[in-house]
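Report on one structure; see the data block that follows.
Each chain gets a letter, A, B and so on, in the order its sequence line appears, and its residues count up from 1.
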Number of protein chains: 2
Amino acid sequence: MAAVLDQDGITAAALELVSKKGYDGLTMAALARSLGVAPSALYNHVSSKDEVLKLVEEDLMSKVDFGGFRTLPWEEAVRQWAYSYRGIFARHTPLISVIAVLPVTDAPQTLAMYEAVTEGFLRAGFPEKQIIPSIVALEAYIFGAAFDANAPADIFDSGRLADSTPHFTSAVRSLGPDQNNYPSDLAFSMGLDALITGLGALRVDQSG
Amino acid sequence: MAAVLDQDGITAAALELVSKKGYDGLTMAALARSLGVAPSALYNHVSSKDEVLKLVEEDLMSKVDFGGFRTLPWEEAVRQWAYSYRGIFARHTPLISVIAVLPVTDAPQTLAMYEAVTEGFLRAGFPEKQIIPSIVALEAYIFGAAFDANAPADIFDSGRLADSTPHFTSAVRSLGPDQNNYPSDLAFSMGLDALITGLGALRVDQSG
DNA sequence: TGAGATAAATGAACGTCATTCATTTATTGG
DNA sequence: CCAATAAATGAATGACGTTCATTTATCTCA
């Protein structure tokens, strides 16, 4: 029969659906409808909805910018990579629990990213043994920050319990004229700087 | 009618159910069964399954150990808090996407924690404006690390693509005798040290 | 050219969920 | 003691992922 469907098409349709309706709107039925096909037809090309999520994840990984590791100083490369990584997955947080536990074995785009990042760390003078833990630590931070990026502005509103949390409430108010001012971007920048400084100290050769 | 049910009982039953069957086993039907009640009866005490998750989350928050902020040097207090926080939520990752976006307004335990942590930061000499972003950054890292803690040991197995990712594959192998050795704990420790060092530098008065 | 073999799409069906609602049951307050 | 109320029931609903027997179209090869 004429192949109306393939994994690339499914991936593209899933991405478009997610961007329009969010992850709640990503159902097998909706996905099939957007492809003009019956839901059961999808199962000739993917084994489950989980596989659809993996396909989407791999596609997103290919969009993460790790090019700086070839051209920029290590600190700048990490920063560029981290911002790009967080920016992409902030809009795809439901995938994070999938990625964080997903073996890279069948994820070529993810592997390509790790290879480039590892090379960058080597060039920057990191001892081989420190590289994977450093990347893991950075990724943990990036994933956590991606969640944060979706928090509502009033997430730290202590409400009627403000009286019993005076120091916290005051610290929140100190952030800006708005009573509730969620500092997701500022926090990301601060923590990233701290990580870059702290991890950078592990380098043996600081010339990279 | 005799109140067989209340929010505390529901929370306790949900926690026990999760510890025995995981979050897949936490269904409204299973929860009701464990309480000897019909599923619909739950809705007299909680408005939705999401509220059950929020109740569980608050209960877990009360178990996070932030006592060090009253007694230990700032670095040690942060370390203790972070380890406790990660240890608890590593077994409850499905809650993380809920927490990260949940306003603290109706979460007294969470607020209590923030108040204590904020006080610790103040005592340690942090400028008020830096405190919330620092806590947010630490929390992002802790949440991301909680996901990591559940990764399988072979998550970095590059499989048949090992040849095309030589530096990465070698870096993974350098970690230990096991071919695939996932360094979740080591990574957490390294990143946490880096964050503590980097954020600690923001202090004005280093005596705390 | 024509006859399988095969890959792909269909539609009906299933089981699992969370959730709703009319009804029943037990307790409490006036 | 009665009425109001809080709480539990069981049946029903709709959404969802997934399966499967069946049909349909294309490809291969004699």
query: Considering only heavy atoms and no angle criterion, is a donor-acceptor pair shorter than 3.5 Å present between the side chain of B:Asn44 and the base of D:dA8?
result: yes

side-chain hydrogen bond (donor to acceptor under 3.5 Å, both in side chains) contacts touching residues 135-151 of chain A (sequence neighbours left out)
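Passing the test, one end in residues 135-151 of chain A: A:Tyr85-A:Glu139, A:Tyr114-A:Glu139, A:Asp148-A:Tyr182.
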
Nucleotide [N], atom [atom2] - distance to [atom1] of [X] in whole Å:
X       : N      : atom1 : atom2 : answer
A:Arg33 : C:dG11 : CZ    : C1'   : 16 Å
A:Ile10 : C:dA8  : CD1   : P     : 11 Å
A:Leu5  : D:dA25 : CG    : P     : 17 Å
A:His45 : D:dG17 : NE2   : C1'   : 17 Å

What pairs with B:Asp65 under salt bridge (Lys or Arg N to Asp or Glu O under 4.0 Å), at least two apart in sequence or on another chain?
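Per chain and number, B:Asp65 pairs via salt bridge (Lys or Arg N to Asp or Glu O under 4.0 Å) with no residue.
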
Report task. Mind checking salt bridge (Lys or Arg N to Asp or Glu O under 4.0 Å) for A:Glu128 and listing every partner two or more places apart, or none if nothing turns up? Result ->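 With neighbours one apart ignored, the set is empty.
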
Hits for side chain to side chain contact (heavy atoms under 4.5 Å, CB included) against A:Glu51, two or more places apart or cross-chain, chain-then-number order -> A:Gln7, A:Val46, A:Ser47, A:Ser48

Partner residues of [X] under the ring-ring contact (aromatic ring centres under 6.0 Å, His included) criterion, sequence neighbours left out:
X        : value
B:His167 : none
B:Tyr83  : B:Phe188
A:Phe147 : B:Phe147

Any protein N or O atoms within reach of nucleotides 17-19 of chain C? Criterion: under 3.5 Å, listing atom names and distances.
| unit_1 | atom_1 | unit_2 | atom_2 | d |
| --- | --- | --- | --- | --- |
| C:dA18 | OP1 | B:Met28 | N | 3.4 |
| C:dA18 | OP1 | B:Lys49 | NZ | 2.9 |
| C:dA18 | OP2 | B:Met28 | N | 2.7 |
| C:dT19 | OP2 | B:Tyr43 | OH | 2.8 |
| C:dT19 | OP2 | B:Lys49 | N | 2.7 |
| C:dT19 | O5' | B:Tyr43 | OH | 3.4 |

**Prompt:** Among residues 14-22 of chain B, which contact DNA chain D at a heavy-atom distance under 4.0 Å?
**Reply:**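 None - not one residue of the stretch has a heavy atom sitting under 4.0 Å from the strand.
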
Worksheet entry | Close side-chain approach of A:Leu26 to A:Leu53, heavy-atom, < 4.5 Å | yes

